[in-house]
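Encoded as structure tokens, the structure appears first; notes follow it.
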Amino acid sequence: MGLAVVCGAAGAVGQFARAHEATAVEAPEHAVGPAGDTKLDLPVRPTVPVTLTVYEDPRSPQSRAFAERYAATFSHLLASGQLQINYRLVTQSDKQYGGSGAQEAAAAAACAQDQGRFTAFMDQVWQRQPAPADDAFKDRNLLSDLAKKAGKINQDTFRLCVDRGQRKGWVAQSQSDFASGGLGEAPVVQINGRPLPVPTSQLTPGKLTSLVNKEAQHVAAAATP
């Protein structure tokens, strides 16, 4: 009887701890953000003057189409050494279609970021994205499979992060900030904090490249004594 009471108490403590991890706002490794605010940006090459902030929703077909269309452009601009990209993951599609797949996928991507594999994981998310009404990303076995395909991810560490919901609070904060900012529908792109034309209808890879080059020249000129 005594052992049963102890085990029951331990189980209750474990459930409480997991519930806390799922709501606590804990940023993944190497996330960045303004001093005093929650670090919501996941940076790629955080050392150059031109910063693109890209808001994407893992469950949004528009976000997937944007990611696929601009992948080569982003790679080229990153290789040029004049651009860094800060990704913001948002989850408005869960409200639109019902379910929790966007939140689960975003939290899993943040867990992958802890191991430096955010981009590789998101590539798998876009490749395996289901139809919008299909809440497939809530399946953690699928998320683990995506992590395996992304490669170079310690599965035990990743699965523990996902199962404990360690990044869910961080994802919720990112979505809350996105909604309160009135930025519209994902994807959204900002350059050094300023909004760019709607990427799904008013922006092209060529125009984006031109805007980045122009901004780099402006920043360089401003920095010249």
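What you are looking at is a predicted structure, and each value in this text was computed from that prediction instead of being measured.
- In this structure, Phe118 and Tyr87 have tilted ring planes: the angle between them lies in the 30° to 60° band.
- Residues Gln175 and Asp94 bring no donor and acceptor atom of their side chains to less than 3.5 Å of each other.
- In the hydrophobic clustering of ILVMFWY residues, with side-chain heavy atoms under 4.5 Å counting as a link, Ile153 and Trp126 come out together.
- Here the closest non-hydrogen pair linking Ser144 and Arg159 is OG-NH1, 3.0 Å.
- Distance CG/Leu77 to CG/Leu83: 5.5 Å, rounded to 0.5 Å.
- Using a cut-off of 4.0 Å between Lys/Arg side-chain N and Asp/Glu carboxylate O, Asp135 and Arg59 are scored as salt-bridged.
- Listed here is the closest heavy atom pair of Tyr55 and Ala186: O-CB, 3.9 Å.
- Considering all non-hydrogen atoms of both residues, Leu208 and Leu203 come closest at N-CD1, 4.1 Å.
- Judged by distance alone, with hydrogens and angles left aside, the side-chain atoms of Asp41 form no donor-acceptor pair with the main-chain N or O of Gly33 at under 3.5 Å.
- A distance of 9.5 Å separates CG in Leu146 from CG in Asp139, rounded to the nearest 0.5 Å.
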Stepwise, does the side-chain hydrogen bond (donor to acceptor under 3.5 Å, both in side chains) test hold for Ser60 with Asp57? CA-CA 5 Å; Ser60 158; Asp57 183 327; 5.5 Å; no

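- Side-chain N or O atoms of Ser174 include one that pairs as donor or acceptor with a backbone N or O of Leu89 at under 3.5 Å.
- Rounding to the nearest 0.5 Å places CD of Glu29 at 11.5 Å from CG of Leu42.
- The aromatic rings of Phe66 and Phe74 lie perpendicular to each other, with more than 60° between the two planes, well past the 30° mark.
- Annotation: the span from Lys168 atom NZ to Gln166 atom CD amounts to 12.0 Å, rounded to 0.5 Å.
- Both Val54 and Leu40 belong to a single network of hydrophobic side chains, linked directly or stepwise wherever heavy atoms of I, L, V, M, F, W or Y lie under 4.5 Å apart.
- A salt bridge is absent between Arg88 and Glu56: the closest approach of a Lys/Arg side-chain nitrogen to an acidic carboxylate oxygen does not fall below 4.0 angstrom.
- The distance between the ring centers of Phe121 and Phe158 falls below 6.0 angstrom.
- A donor-acceptor contact closer than 3.5 angstrom is absent between the side chains of Thr91 and Gln103.
- The list of salt bridge (charged side-chain N to carboxylate O under 4.0 Å, His left out) pairs with a residue in residues 170-195, not counting sequence neighbours, reads Arg194-Glu215.
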For Lys39 and Val32: C-alpha separation, side-chain torsions, deciding distance, then whether side-chain contact (heavy atoms from CB on, under 4.5 Å) applies. CA-CA 5 Å; Lys39 297 178 179 180; Val32 299; 5.6 Å; no

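- The closest donor-acceptor contact from the side chain of Asp145 to the backbone of Asn141 lies at 3.5 Å or more, if one exists at all.
- The two residues Lys152 and Gln115 have their closest heavy-atom pair at O-OE1, 4.2 Å.
- To the nearest 0.5 Å, the span separating CD on Gln124 from CG on Leu142 amounts to 10.5 Å.
- When all heavy atoms of Gln82 and Ala216 are compared, the pair lying nearest together is OE1-CB, 3.4 Å.
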